[in-house]
Amino acid sequence: MPESTILHPLPPDLDAQRLPAHVAVIMDGNGRWAQERGLPRILGHQRGVETLKNLLRYCRDWGIGALTAYAFSTENWGRPRVEVEFLMALFEAVLRRELAEMIAEQVRIRFVGDLQSLPATLQGEIQRAMLATQDHDGIQFTVATNYGGRQEIVRACREIAVRVQSGELAPDAIDEELFARHLYTAESGDPDLLIRTSGEMRVSNFLLWQIAYTEIYVTETLWPDFGPEEFHRALLNYQERQRRFGRLRSSS
Ligand code: FPP
């Protein structure tokens with residue numbers, strides 16, 4: 001039986017009613033994972049893809065509606081040219097290889113970020129995948145590629161400024177809700193839980209606006225080793241927290 005058809009039941013110690021609707025991940029530590037094993041860094045990225053695929057499946061099986069992954073930041077262009085080229089080729093190969101299965105599983109895939117600066121062939125695969133899955137009603141899978149939170153906010157400001165300049169929008173009509181509609185995440189909304197692997201206590205320019213009230217979980221585990229047990233732990237930790245959104249506890 002192909003792995004995609006196996007449904008993983010929700011672990012009994014997790015409350016199905018209090019799962020995050022949207023999980024975001026900063027997949028850090030691929031390079032270190034490979035280096036620790038005396039392997040080239042790119043093998044860490046390859047392993048990282050498998051980890052992401054598996055996580056997507058567990059999210060779907062456990063009833064989580066949206067997963068957003070930070071695949072390539074606007075700052076990642078500063079890496080050695082061979083690594084950048086490998087990553088671009090890897091994204092393209094993954095899309096080609098996995099599209100049929102994502103279609104079969106009703107995944108809705110979206111890429112967000114400044115996509116126009118990506119290699120033309122990768123842009124083509126991205127458009128093909130987004131078009132082919134746009135009407136799906138399964139898990140929403142968003143891949144942030146050439147993404148930067150500040151860049152996203154500036155882009156939203158520009159779009160709004162154009163509308164104001166044309167007279168279509170009054171400055172007074174700009175509020176948080178309108179602003180959020182100009183962000184890439186207009187459809188998926190804010191993440192409830194942000195997971196970062198490999199121990200760094202940073203948000204690294206990811207979803208800056210959207211994580212205002214997101215619960216953050218950081219684990220020392222390197223991304224290629226972030227399996228279902230670790231995800232389970234992150235969800236248990238999330239369910240132990242009381243989200244207050246700046247208000248007092250309901251009991252106080
Ligand atoms: C960070 O590890 C990881 C990345 C920059 C790339 C992650 C991308 C994937 C796993 C592929 C996703 C692809 C698709 C198309 C869905 P790092 O290199 O920063 O590790 P280090 O901190 O140990 O150096």
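Order of appearance sets the numbers: ligands from 1, and atoms from 1 within every ligand.
- Selection from E98, M27, R32 by nearest heavy atom to atom 8 (C) of ligand 1 gives M27.
- Using a 4.0 Å cut-off to heavy atoms of V49, the atoms of ligand 1 that qualify are 10 (C), 11 (C).
- Ring pair Y58/F231: centre-to-centre distance not below 6.0 Å.
- Below 30°, between 30° and 60°, or above 60°: for F72 and W77 the angle between ring planes is above 60°, a perpendicular geometry.
- Only side-chain heavy atoms of R79 come within less than 4.0 Å of ligand 1; its backbone N, CA, C and O stay farther off.
- Nearest protein heavy-atom contact of atom 12 (C) of ligand 1 is L52 CD2, 3.8 Å.
- Under a 4.0 angstrom heavy-atom cut-off, E200 registers as lying outside contact with ligand 1.
- Closest approach of I64 and P20 over heavy atoms only: CG1-O, 3.5 Å.
- Some N or O of D28 is nearer than 3.5 Å to an N or O of ligand 1, by distance alone.
- Within the 4.0 Å heavy-atom criterion, the part of R41 lying near ligand 1 is the side chain and not the backbone.
- Here's the thing with Y70: none of its N/O atoms is less than 3.5 angstrom from an N/O atom of ligand 1.
- Placement of V23 and Y70 in two distinct hydrophobic clusters is found when ILVMFWY residues are connected by side-chain heavy-atom separations under 4.5 Å, directly or transitively.
- E176 is linked by a salt bridge (charged side-chain N to carboxylate O under 4.0 Å, His left out) to nothing, counting only residues two or more places apart in sequence or in another chain.
- By the 4.0 Å heavy-atom criterion, S198 is excluded from the residues contacting ligand 1.
- Looking only at atom types and distance, the side chain of R60 has no donor-acceptor partner in the side chain of H8 under 3.5 Å away.
- In terms of the ring pair (Phe, Tyr, Trp, His ring centres under 6.0 Å) criterion, W33 has no residue partners (sequence neighbours excluded).
- Counting only N and O atoms by type, the side chains of T74 and Q151 include no donor and acceptor under 3.5 Å apart.
- In terms of protein heavy-atom proximity, atom 13 (C) of ligand 1 is closest to F91 CD2, 3.5 Å.
- In terms of polar-atom proximity, defined here as any N/O pair under 3.5 Å, G31 does make such a contact with ligand 1.
- Here the heavy atom of the protein found nearest to atom 10 (C) of ligand 1 is G48 C, 3.6 Å.
- By the criterion of a heavy-atom distance under 4.0 Å, neither the backbone nor the side chain of T51 is placed next to ligand 1.
- Comparing A71, G29, G44 against atom 5 (C) of ligand 1, the shortest heavy-atom distance belongs to A71.
- For the residue pair R110 / S188, no side-chain donor-acceptor distance below 3.5 Å is found, with atom types taken as modelled.
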